[in-house]
Number of protein chains: 2
Amino acid sequence: MTASAPVALTEYEGACLDKDADERAIRDVLTRVGDKWSLLVVATLRNGRLRFSELQRHIPGVSQRMLTLTLRQLERDGLLVREVHAEVPPRVEYELTGMGASLVDASVALLTWALENQPAIERARTAYDARTA
Amino acid sequence: MTASAPVALTEYEGACLDKDADERAIRDVLTRVGDKWSLLVVATLRNGRLRFSELQRHIPGVSQRMLTLTLRQLERDGLLVREVHAEVPPRVEYELTGMGASLVDASVALLTWALENQPAIERARTAYDARTA
DNA sequence: CAGTATCCTCATCGATACTG
DNA sequence: CAGTATCGATGAGGATACTG
């Protein structure tokens with residue numbers, strides 16, 4: 001499973017990471033993925049559209065402000081669409097675009113890695129701290 | 001290729017993202033991957049060990065301070081090892097661990113996604129800005 | 001219900017200078 | 001060469017209050 005990855009990586013370094021535009025593209029996406037709520041929002045929307053309040057319930061700890069800001073960014077980037085229904089009380093639903101769904105798919109490997117390696121990381125930290133303390 | 005991903009994601013939401021520990025593990029890794037230099041450092045080390053100054057040359061724009069901090073964190077997490085050679089002038093080499101290499105492999109899908117979708121994201125932003133301006 | 005508007009804090013990051 | 005120490009800017013993110 002790791003047989004072809006080194007090749008792919010070499011291509012990144014040679015053909016991509018050194019070029020400014022591609023490096024910016026990657027940093028752009030990684031910054032988004034690395035922020036506190038974006039990936040959690042798209043992952044939560046992976047199973048279907050949800051309204052604002054439903055999202056807030058599904059994502060513990062997110063403030064109204066941060067959820068709004070995150071949704072606006074994701075909408076601006078074309079990862080989800082915002083649908084306002086002209087009703088009283090207002091109803092706003094959010095739904096992933098194809099690109100948004102594909103981002104989740106592309107993130108699965110990294111999420112799996114995170115879960116699988118968390119114990120080893122924890123152990124490494126403990127050992128390091130003991131060594132340097 | 002996207003056939004099995006939704007299933008995997010559903011498992012994440014049901015079995016993982018709602019549980020505090022796993023969510024912390026994921027956020028932990030995503031924060032690391034999302035920071036400005038970490039993934040760039042491990043990717044650069046993917047082809048073999050490098051010394052401090054070589055890393056700095058390979059990674060344009062990184063300051064001594066940030067490179068040091070990034071390397072210390074990655075070392076603490078067990079993603080690379082730091083080898084100090086008792087020489088004058090001092091020589092310090094950094095090399096990925098197996099876990100460090102596997103992180104790069106796990107990130108390839110996301111990096112590929114970033115490169116492939118960057119144009120579409122750019123277009124979406126332009127359209128959004130025109131719509132809301 | 002689905003937001004805005006303000007204020008505030010803290011962590012990240014960069015620049016610069018110094019050192020074993 | 002491979003760092004450390006210090007300072008300062010920037011901005012992500014949280015708390016709270018208010019609104020169409």
Side-chain angles (χ1 to χ4, degrees), chain A residues 20 23-24 26-42 44-45 49-77 80-95 128 131-133, chain B residues 23-24 26-41 44-45 49-77 80-95 128 131-133:
Chain A
D20 273 14
E23 197 174 326
R24 245 196 49 257
I26 289 178
R27 188 118 64 189
D28 219 54
V29 169
L30 291 182
T31 301
R32 182 66 34 93
V33 165
D35 80 14
K36 203 166 178 183
W37 305 111
S38 291
L39 195 56
L40 213 46
V41 167
V42 291
T44 304
L45 286 173
R49 58 171 48 180
L50 290 174
R51 28 199 313 191
F52 189 90
S53 53
E54 291 172 327
L55 274 169
Q56 205 169 10
R57 265 194 303 280
H58 277 79
I59 304 175
V62 70
S63 64
Q64 263 185 341
R65 170 186 145 82
M66 286 315 297
L67 184 53
T68 300
L69 289 178
T70 302
L71 287 168
R72 288 294 177 280
Q73 280 247 305
L74 295 172
E75 184 195 6
R76 188 170 103 99
D77 286 359
L80 56 78
V81 289
R82 178 170 179 266
E83 291 151 5
V84 184
H85 303 268
E87 303 172 6
V88 185
R91 181 166 56 95
V92 180
E93 291 185 316
Y94 294 90
E95 186 174 23
Y128 181 93
R131 216 158 54 229
T132 59
Chain B
E23 198 175 325
R24 245 195 51 258
I26 288 179
R27 190 118 64 189
D28 221 53
V29 169
L30 291 182
T31 302
R32 182 66 33 94
V33 164
D35 80 14
K36 203 164 178 184
W37 305 111
S38 292
L39 195 55
L40 212 46
V41 167
T44 303
L45 287 173
R49 59 170 48 180
L50 289 174
R51 27 197 316 191
F52 188 88
S53 52
E54 292 173 326
L55 274 169
Q56 205 169 10
R57 264 194 303 280
H58 277 78
I59 304 176
V62 70
S63 65
Q64 264 185 343
R65 171 186 145 84
M66 286 316 297
L67 184 53
T68 301
L69 290 178
T70 303
L71 287 168
R72 289 293 177 280
Q73 280 248 307
L74 294 172
E75 184 194 6
R76 188 170 102 101
D77 287 0
L80 56 79
V81 289
R82 178 170 179 266
E83 291 151 4
V84 184
H85 304 269
E87 304 172 5
V88 184
R91 181 165 57 97
V92 180
E93 291 185 316
Y94 294 91
E95 186 174 23
Y128 181 92
R131 218 159 52 230
T132 60

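Heavy-atom basis, side chains included; hydrogens, waters and symmetry copies ignored. Residue numbers start from 1 in every chain, and the chains themselves are labelled A, B, ... in the order their sequence lines are given, proteins ahead of strands.
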To the nearest Å, give me how far apart [atom1] ([X]) and [atom2] ([N]) are.
{"X": "A/Q56", "N": "D/dA15", "atom1": "CD", "atom2": "C1'", "result": "14 Å"}
{"X": "A/R27", "N": "C/dT12", "atom1": "CZ", "atom2": "P", "result": "16 Å"}
{"X": "B/D35", "N": "D/dG11", "atom1": "CG", "atom2": "P", "result": "18 Å"}
{"X": "B/E75", "N": "D/dA2", "atom1": "CD", "atom2": "C1'", "result": "14 Å"}
{"X": "A/L67", "N": "C/dA5", "atom1": "CG", "atom2": "C1'", "result": "17 Å"}
{"X": "B/D28", "N": "C/dA11", "atom1": "CG", "atom2": "P", "result": "15 Å"}
{"X": "B/Q64", "N": "C/dC13", "atom1": "CD", "atom2": "C1'", "result": "15 Å"}
{"X": "B/E54", "N": "D/dC1", "atom1": "CD", "atom2": "C1'", "result": "12 Å"}

Looking only at side-chain N and O atoms, does [X] come under 4.0 Å of OP1 or OP2 in [N]?
{"X": "A/R72", "N": "C/dT4", "value": "yes"}
{"X": "B/R57", "N": "D/dC1", "value": "no"}
{"X": "A/R82", "N": "C/dA2", "value": "no"}

If the threshold is 4.0 Å, N to carboxylate O, is there a salt bridge linking A/E93 and A/R49?
yes
SB check B/R91 B/E83 (cutoff 4.0 Å)
no
Just compare [options] and give me whichever is closest to any side-chain atom of [X].
{"X": "B/R51", "options": "D/dG3, C/dG14, D/dC1", "result": "D/dC1"}
{"X": "A/K36", "options": "D/dA17, D/dT4, D/dG13", "result": "D/dG13"}
{"X": "B/W37", "options": "C/dG14, D/dG13, D/dA2", "result": "C/dG14"}
{"X": "B/M66", "options": "D/dA2, C/dG3, C/dG14", "result": "C/dG14"}
{"X": "B/Y94", "options": "C/dC13, D/dG3, D/dG13", "result": "D/dG3"}
{"X": "A/F52", "options": "C/dG14, C/dA2, D/dG14", "result": "C/dA2"}

Whether the side chain of B/R51 engages the backbone of B/Y94 through a donor-acceptor N/O pair (distance < 3.5 Å, no angle test) should be reported.
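Here the side-chain-to-backbone pair does not exist.
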Using a cut-off of 4.0 Å on non-hydrogen atoms, how would the nucleic acid contact of B/S53 be classed: base, sugar-phosphate, or nothing?
sugar-phosphate
Under a 3.5 Å cut-off for both distances, is D/dG3 Watson-Crick or wobble paired, and to whom?
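Its partner is C/dC18.
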With the side chain counted from C-beta on, respond yes when A/D28 and A/R24 share a heavy-atom pair under 4.5 Å apart, and no when they do not.
no
Side chains of B/I59 and B/V62, heavy atoms from C-beta outward: is any pair under 4.5 Å?
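A side-chain contact under 4.5 Å exists here.
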DNA chain C: 5'-proximal contact among A/R65 and A/R91 (nearest heavy atom):
A/R91
